[in-house]
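Below is one structure, written out as structure tokens; comments come after it.
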Amino acid sequence: MSDNVIIIRYGEVYLKGKNFSYFENILKDNIRAKLDGIDCSLYFGRGRYVVKEYDISDEDEIIRRLKQVFGLHSLSIAKRCGYDIDEIATKCVEMSPDNGTFRITTHRSYKKYPLDSMQMNRALGEKVIAAKQNLSVDLHSPDYNLQVDIRDGGDVYLYDNSISCAGGMPSGTGGHGLLLLSGGIDSPVAGYMLAKRGMRLTALHFHSYPYTSEAAKDKAITLAHKLKNYCPYLNMKCVSLTKIQETIHKNCKPNYMITLVRRFMMRIAERVAKSNDCGCIINGESLGQVASQTLESITVTNAVVSIPVFRPLIGMDKDEIIDIAQKIDTFNTSIEPFEDCCTVFLPDYPLIKPEIAKVEEQESRIENYNELIDDALSAMEIVELNY
């Protein structure tokens, strides 16, 4: 074991006032779960959490995992020592560069420490300058800024870095939503955006085997595995739309195919959501991106469900969505060339401004509407997801 520790800082959880304990306890549980399997100890102090007593070979993996925990703002790799001023000064000398400019910034949360912050800065700075003749002090724009954090309980932490984390709210504090997860770029990003606000997710994937390949479904499962890095409670279900699409193709006008399929999908999604205690449906629609994402199309598909439908990407353009997909490592999987269910029986000229009355007239041509939905749900597949 080394004397390295990792300081963890939470984000907007601190704004929760009297509900702070509820949010903090869930955040602590999420951190414990994320670090499961790594030999280390966790200290949860006021305003700071610390990972201690770990093998230095595990440090990169600990950091990788913590960066994916929603609710955390940043972390720092630090050196730990005791309250003795000479021990602190020795660490400062060891960590400081040999030349250039520097400053020392002391944070003294332990107010009973005999020296205040300014006195510590001067005392430690003098020790460093005496040991390193080519260093000079610059309080305004130094090349190197060494932070000294004096905490309760006898620990002092020294660090010079800050690594950004995922931010947002702890997973599990924002309700439970059903994510319509395709194999494309948008839906994983939509799930990430809602999970960042603390929402627990269940993913629902629609496929059309054998018109689409098993590889297309496997791609969606891979995306779910990647999302699970950020969404520890994520689970996944798969539903076949094959019979539904065949029935629509046989009985309805071709240009209504996409609209009718999406209304089927929304009805199925609502049934799945309610049976899994999900309070909303989430999808990756962005206004005007494709025919099914115009205002009129969204209105027609929304009309068949009674629970909220969240579209976190509705006002984003494709470049913005791709940037997030690359950040969360879903982009390269999403662009793999496997078609999803929305490409089956795709008309040459899909409706972009469907009217509800005309859509309902087309739906009336499908006599076994509810039976198709029941059959699709009865054959629903549960997918096991692991980190």
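We're numbering straight along the sequence, starting at 1. Here the structure is a predicted model, which means the values were calculated and not measured.
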TODO: Please say whether more than 12 non-hydrogen atoms of neighbouring residues, nucleotides or ligands are located less than 6.0 Å from NZ in Lys111.
DONE: yes
Open item on the list: Which heavy atom of Ser306 sits nearest to which heavy atom of Lys274, and what is that distance?
Closed with: OG-NZ, 3.3 Å
TODO: Please answer whether the main-chain N or O of Ser162 pairs with a side-chain N or O of Ser74 as donor and acceptor at a distance below 3.5 Å.
DONE: no
TODO: Flag the pair Glu61 and Arg64 as a salt bridge only when some basic side-chain nitrogen lies within less than 4.0 angstrom of an acidic carboxylate oxygen.
DONE: yes
Task: Any donor-acceptor pair under 3.5 Å from Ser286 side chain to Met316 backbone - done: yes
- [ ] Give a yes or no on whether a salt bridge exists between Asp84 and Lys91, defined as a side-chain N under 4.0 angstrom from a carboxylate O.
- [x] no
TODO: Inspect the surroundings of OH in Tyr14 and state if more than 12 heavy atoms from other residues, nucleotides or ligands are less than 6.0 Å away.
DONE: no
- [ ] Given side chain to side chain contact (heavy atoms under 4.5 Å, CB included), test Tyr159 with Val5 step by step and report yes or no.
- [x] CA-CA 10 Å; Tyr159 57 93; Val5 299; over 6 Å; no
Task: Heavy-atom pair of closest approach, residues Pro312 and Asn283 - done: CD-O, 3.7 Å
- [ ] Please check if the side chain of Ser187 supplies one atom and the backbone of Ser182 the other of a donor-acceptor pair under 3.5 Å.
- [x] yes
Open item on the list: Is it the case that over 12 heavy atoms from other parts of the model lie below 6.0 angstrom from the NE2 atom of His176?
Closed with: yes
Task: Residues Lys253, Gln362; criterion side-chain hydrogen bond (donor to acceptor under 3.5 Å, both in side chains); working and verdict - done: CA-CA 7 Å; Lys253 291 182 178 180; Gln362 291 292 311; over 6 Å; no
Task: Connected via hydrophobic side-chain network under 4.5 Å: Met95 and Ile6 - done: no
Open item on the list: Run the side chain to side chain contact (heavy atoms under 4.5 Å, CB included) test on Cys280 and Ile307 for me, step by step, so that the C-alpha distance in whole Å, both residues' side-chain angles and the decisive distance to 0.1 Å come before the verdict.
Closed with: CA-CA 6 Å; Cys280 68; Ile307 63 175; 5.6 Å; no
Task: Donor-acceptor contact below 3.5 Å, side chain Gln119 vs main chain Asp116 - done: yes
Open item on the list: Here's a test for you: under side-chain hydrogen bond (donor to acceptor under 3.5 Å, both in side chains), which of Asn121, Asp160, Asn145 qualifies with Thr105?
Closed with: Asn145
TODO: Anything under 30° is parallel, anything over 60° is perpendicular, the rest tilted; go ahead and classify Tyr110 against Tyr83.
DONE: parallel
Open item on the list: Determine whether a donor-acceptor pair (N or O, by modelled atom type, separation under 3.5 Å) exists between the side chain of Lys79 and the backbone of Val156.
Closed with: no
- [ ] Sequence neighbours left out, what passes side chain to side chain donor-acceptor pair (under 3.5 Å) with Asp149? Give chain and number order.
- [x] Arg151
TODO: Please test Glu24 against Tyr49 for side-chain hydrogen bond (donor to acceptor under 3.5 Å, both in side chains), starting from the C-alpha separation and ending with a verdict.
DONE: CA-CA 11 Å; Glu24 186 187 34; Tyr49 305 153; 2.8 Å; yes
Task: Shortest non-hydrogen contact from Val309 toward Met266 - done: CG2-CE, 3.5 Å
TODO: Treat each ILVMFWY residue as a node, draw an edge where side-chain heavy atoms are under 4.5 Å apart, and state whether Met199 and Leu385 are in one component.
DONE: yes
Task: Lys28 atom NZ: more than 12 heavy-atom contacts under 6.0 Å - done: yes
Task: N-O pairing of Lys217 and Glu214 below 4.0 Å - done: yes
Task: Among Tyr230, Tyr10, Tyr233, the one residue meeting ring-ring contact (aromatic ring centres under 6.0 Å, His included) with Phe70 - done: Tyr230
Task: In one Ile/Leu/Val/Met/Phe/Trp/Tyr side-chain cluster, 4.5 Å: Tyr209, Phe264 - done: no
TODO: Indicate yes or no: does Lys16 engage Glu12 in a salt bridge with an N to O separation below 4.0 Å.
DONE: no
- [ ] Return the set of residues passing ring pair (Phe, Tyr, Trp, His ring centres under 6.0 Å) with Tyr43 (not counting sequence neighbours), or none when no residue passes.
- [x] none
Task: Distance (rounded to the nearest 0.5 Å) between Ile268 CD1 and Leu372 CG - done: 8.5 Å
TODO: First locate atom CZ of Arg262, then atom CG of Leu241, and finally report the distance between them rounded to the nearest 0.5 Å.
DONE: 10.5 Å
Task: Nearest non-hydrogen partners of Leu295 and Leu287, listed with the distance - done: N-CD1, 3.9 Å
Open item on the list: Tell me the closest heavy-atom pair linking Leu124 and Cys92, and the distance in Å.
Closed with: CD1-SG, 4.0 Å
TODO: Measure from the side-chain N and O atoms of His205 to the backbone N and O of Leu181, and report whether any donor-acceptor pair falls under 3.5 Å.
DONE: yes
Open item on the list: Taking Asp3 first and then Arg80, would you say they form a salt bridge - that is, a charged N and a carboxylate O separated by under 4.0 Å?
Closed with: no
Open item on the list: Membership question, hydrophobic clusters at under 4.5 Å side-chain separation (ILVMFWY): are Leu75 and Val148 in the same one?
Closed with: no
Task: Under 3.5 Å side-chain donor-acceptor pair for Glu361 and Tyr256 - done: no
Open item on the list: If you count every heavy atom of other residues, nucleotides or ligands that lies below 6.0 Å from Lys52 atom NZ, does the total exceed 12?
Closed with: yes
Open item on the list: Under a 3.5 Å distance rule, please check whether Lys132 uses its side chain to pair with a backbone N or O of Asn99 as donor and acceptor.
Closed with: no
- [ ] Give a yes or no answer on whether the side chain of Ser117 reaches the backbone of His107 with a donor-acceptor pair at less than 3.5 Å.
- [x] no
Open item on the list: For the residue pair Arg65 and Tyr54, would you count it as a cation-pi contact if the rule is NZ or CZ under 6.0 angstrom from the ring centre and within 45 degrees of the ring axis?
Closed with: no
TODO: Consider only side-chain heavy atoms of I, L, V, M, F, W and Y, link residues closer than 4.5 Å, and tell whether Leu146 and Ile77 are in one cluster.
DONE: no
- [ ] Using modelled atom types only, decide if a donor and an acceptor are shared between the side chain of Asn30 and the backbone of Ser171 within a distance under 3.5 Å.
- [x] yes
TODO: Answer yes or no: is there a donor N or O on one side and an acceptor on the other, between the side chain of Asn276 and the main chain of Cys278, under 3.5 Å?
DONE: no
Task: Step-by-step side-chain hydrogen bond (donor to acceptor under 3.5 Å, both in side chains) determination, Tyr369 to Glu363 - done: CA-CA 8 Å; Tyr369 202 103; Glu363 280 182 339; 3.0 Å; yes
Task: Asp323 CG to Ile328 CD1 distance, which is reported to the nearest 0.5 Å - done: 11.5 Å
- [ ] Please lay out, stage by stage, how Tyr144 and Leu135 fare under the test side chain to side chain contact (heavy atoms under 4.5 Å, CB included).
- [x] CA-CA 10 Å; Tyr144 181 78; Leu135 264 180; over 6 Å; no
Open item on the list: Tell me if the NZ atom of Lys318 is crowded by more than 12 foreign heavy atoms within 6.0 Å.
Closed with: yes
Task: Considering all heavy atoms, the nearest Ser297-Leu351 contact - done: OG-O, 4.2 Å
